[in-house]
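What follows is a single structure, written as structure tokens, with notes after it.
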Amino acid sequence: MRKTWLLGLGFFSISLTWALYNAFVPLFLDHYLTSAALIGFMMTIDNYFAMFLQPWIGHRSDKTRTRFGRRMPYLLIGMPLGAVFAALIPLHTGFVTLVLFMMLMNLSMSLFRAPTVALMPDITPEKNRTRANGIINFMGGIGSVLAFGVGSKLYGIGSYVPFLFAGITMLACMLVLKAVIKEPVLLESPEASAKPAPTVRIKDQLDKTTLFILGAIFFWFVAYQGVEALFTLYGTKHAGMSDSEASFSLTFFSLAFLLFALPSGWLGARFGKKKIIMIGVGGLFFVFGSVVFVESVLLLRVLLIIGGIFWACININSYPWVISTGKEESIGTRTGIYYFVSSLAAITSPPLLGWVIDAFGYPALFVSASAGLLLAFLCLLGAGAGERVGGHDQLDQASVTAGK
């Protein structure tokens, strides 16, 4: 699993960059926009790119054949561009150049996100993928924690410093990935490159099991994204917390997720991805439902810790499950579909749950989030396990050929 940890550097750099982007770009936008709604909309640009570009990029990477492999060309193009435009954002000279650099950075990041994710199942045998996903999410979590812990100090030196740091880190991670991650030679051999790439159509991936899985993904991301986006308002306006107490409380959820990322991957590999996901969805349903009746800040934070553990059970195992229900040649395509659905939920959830709060009050946040998890659980009941049991020999042999 050594190469999996090194592949995690890609997720480390992505998470580091996005965390710094989300923390400081709103401050830049605030100089030009007076509406919080407009600032919020500008901060969702990445989700629109993810919805429309990442499925296509992931699909194209399945059919790409180069001497560098299927996925690596997208990293070699996207990561340097992302690093450059991230570093340029704080050097904007006005609103137009700020938006231009934001758009170009989002476009660049979308070029390599899906191929980077798809590299994990490419170089990892089926039986190890849930544990591998736990590792790369753990690395991504470290990137986010580092961004929040170090970013504010770097920002104090100069607004450009954290973005320059992110760009340099991304370039360094790219060089390491290029040096150590070799895609299976089976996909790069002259014999394979002489043959036409297998035809992979997006609509062929949408079988009954996959549609139920995607439905579950959409509903649990609606629940999670809504709570994440609106919890600070819930804490300050309903639970009587200060701004710092409310924002700090979410740290308990995030740290619990980070610490349980590796164990949840092991549990998914040991007992089955669907079973662990169902436990996570059911557990998070009861956690969110219980928050409505909690008035103690201490007890709320305990529930958030438990919720973070259940969220790890869901999130760590969901992507490997989506991949395991398709064929090896469709990994990039199914990765893009996964990000399309999760991005659609990220765009839909905050305004939808915000409307529910406006109509019924702040306790409705966790009631509606629980309803979303209930719908996700029902979708899981409609989905078969659907995990591929064939094709292991092909991937394992490719891994052996690549010198793993």
Side-chain angles (χ1 to χ4, degrees), residues 4 58 117-118 120-122 124-138 204-225 256-257 260-289 306-328 330-342 344-345 369-392 395-396:
T4 303
V117 175
M120 184 275 287
D122 277 351
T124 307
E126 172 72 36
K127 63 181 180 180
N128 293 332
R129 287 177 182 171
T130 50
R131 283 178 288 177
N133 201 44
I135 290 172
I136 62 179
N137 275 274
F138 177 79
D204 294 338
Q205 305 303 315
L206 303 179
D207 56 89
K208 178 182 176 182
T209 294
T210 301
L211 287 174
F212 273 113
I213 295 173
L214 294 176
I217 291 170
F218 175 80
F219 287 121
W220 71 52
F221 269 114
V222 164
Y224 169 76
Q225 295 284 354
F257 170 82
F260 206 70
L262 298 179
S264 64
W266 179 85
L267 290 171
R270 176 68 176 83
F271 299 105
K273 293 179 273 291
K274 180 183 178 181
K275 183 180 295 185
I276 299 303
I277 289 172
M278 293 188 75
I279 291 173
V281 171
L284 195 57
F285 168 81
F286 285 108
V287 168
F288 281 177
I306 299 172
I309 293 173
F310 283 128
W311 178 241
C313 291
I314 299 169
N315 200 29
I316 297 302
N317 290 285
S318 59
Y319 171 68
W321 190 28
V322 170
I323 296 304
S324 71
T325 56
K327 297 180 180 179
E328 293 294 324
S330 69
I331 286 175
T333 301
R334 298 177 77 84
T335 300
I337 294 172
Y338 174 86
Y339 277 107
F340 173 84
V341 173
S342 59
L344 179 62
S370 297
L373 290 166
L374 179 60
L375 291 172
F377 194 86
L378 294 175
C379 288
L380 291 174
L381 293 178
E387 297 182 21
R388 182 177 57 254
V389 294
H392 293 185
L395 184 63
D396 291 350

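Here CD1 of Ile136 is found 4.5 Å from CE of Met120. Values are rounded to the nearest 0.5 Å. Thr335 contributes atom OG1, which lies 8.5 Å from atom CG of Asp122 (distance to the nearest 0.5 angstrom). To the nearest 0.5 angstrom, Arg334 atom CZ is 8.0 Å from Ser324 atom OG. The CZ atom of Phe212 lies 10.0 Å from the CG atom of Leu378; values are rounded to the nearest 0.5 Å. Put simply, OG1 on Thr325 and CD1 on Ile213 are 4.5 Å apart, with the number rounded to the nearest 0.5 Å.
Side-chain contact between Thr124 and Pro121 is absent, with no heavy atoms from C-beta onward closer than 4.5 Å. Put simply, the side chain of Phe271 does not reach to within 4.5 Å of the side chain of Ile279, judged on heavy atoms.
In this view, Tyr319 and Tyr338 satisfy the ring pair (Phe, Tyr, Trp, His ring centres under 6.0 Å) rule, not counting sequence neighbours. Partners of Leu211 under the side-chain contact (heavy atoms from CB on, under 4.5 Å) rule, at least two apart in sequence or in another chain, are Leu206. Judged as a side chain to side chain donor-acceptor pair (under 3.5 Å), and not counting sequence neighbours, the contacts of Asn133 are Asn137. For Phe219, the side-chain contact (heavy atoms from CB on, under 4.5 Å) partners are Leu375, Ala376, Cys379, not counting sequence neighbours. In this structure Phe285 satisfies the side-chain contact (heavy atoms from CB on, under 4.5 Å) test together with Ser370, Leu373, Leu374, sequence neighbours excluded. Checked against ring pair (Phe, Tyr, Trp, His ring centres under 6.0 Å), Phe221 has the following partners two or more places apart in sequence or in another chain: Trp311. With sequence neighbours left out, Phe310 forms a ring pair (Phe, Tyr, Trp, His ring centres under 6.0 Å) with no residue at all. For Ile309, the side-chain contact (heavy atoms from CB on, under 4.5 Å) partners two or more places apart in sequence, or in a different chain, are Ala256, Phe260.
Of the possible donor and acceptor atoms, none in the side chain of Arg129 sits under 3.5 Å from a partner among the backbone N and O of Pro320. Between the side chain of Lys274 and the backbone N or O of Ala383 there is at least one donor-acceptor pair closer than 3.5 Å.
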Inset, instruction - May I have the step-by-step check of side-chain contact (heavy atoms from CB on, under 4.5 Å) for Trp220 and Ser318, ending in yes or no? - result: CA-CA 11 Å; Trp220 71 52; Ser318 59; 3.4 Å; yes
Inset, instruction - May I have the step-by-step check of side-chain contact (heavy atoms from CB on, under 4.5 Å) for Leu284 and Ile314, ending in yes or no? - result: CA-CA 9 Å; Leu284 195 57; Ile314 299 169; 4.1 Å; yes
Inset, instruction - Quick one: do Tyr224 and Asn315 satisfy side-chain contact (heavy atoms from CB on, under 4.5 Å)? Show the steps, please. - result: CA-CA 10 Å; Tyr224 169 76; Asn315 200 29; over 6 Å; no
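With 3.5 Å as the limit, one finds no donor-acceptor pair spanning the side chains of Thr130 and Arg270. Side chains of Arg131 and Thr4: no donor on one and acceptor on the other come within 3.5 Å.
For the side-chain contact (heavy atoms from CB on, under 4.5 Å) test with Val322, the passing option among Ile217, Val341, Thr210, Asn317 is Ile217; the others fail.
Heavy-atom minimum distance, Ile277 versus Cys313: CG1-O, 3.9 Å. Heavy-atom minimum distance, Ala261 versus Ala312: N-CB, 4.4 Å.
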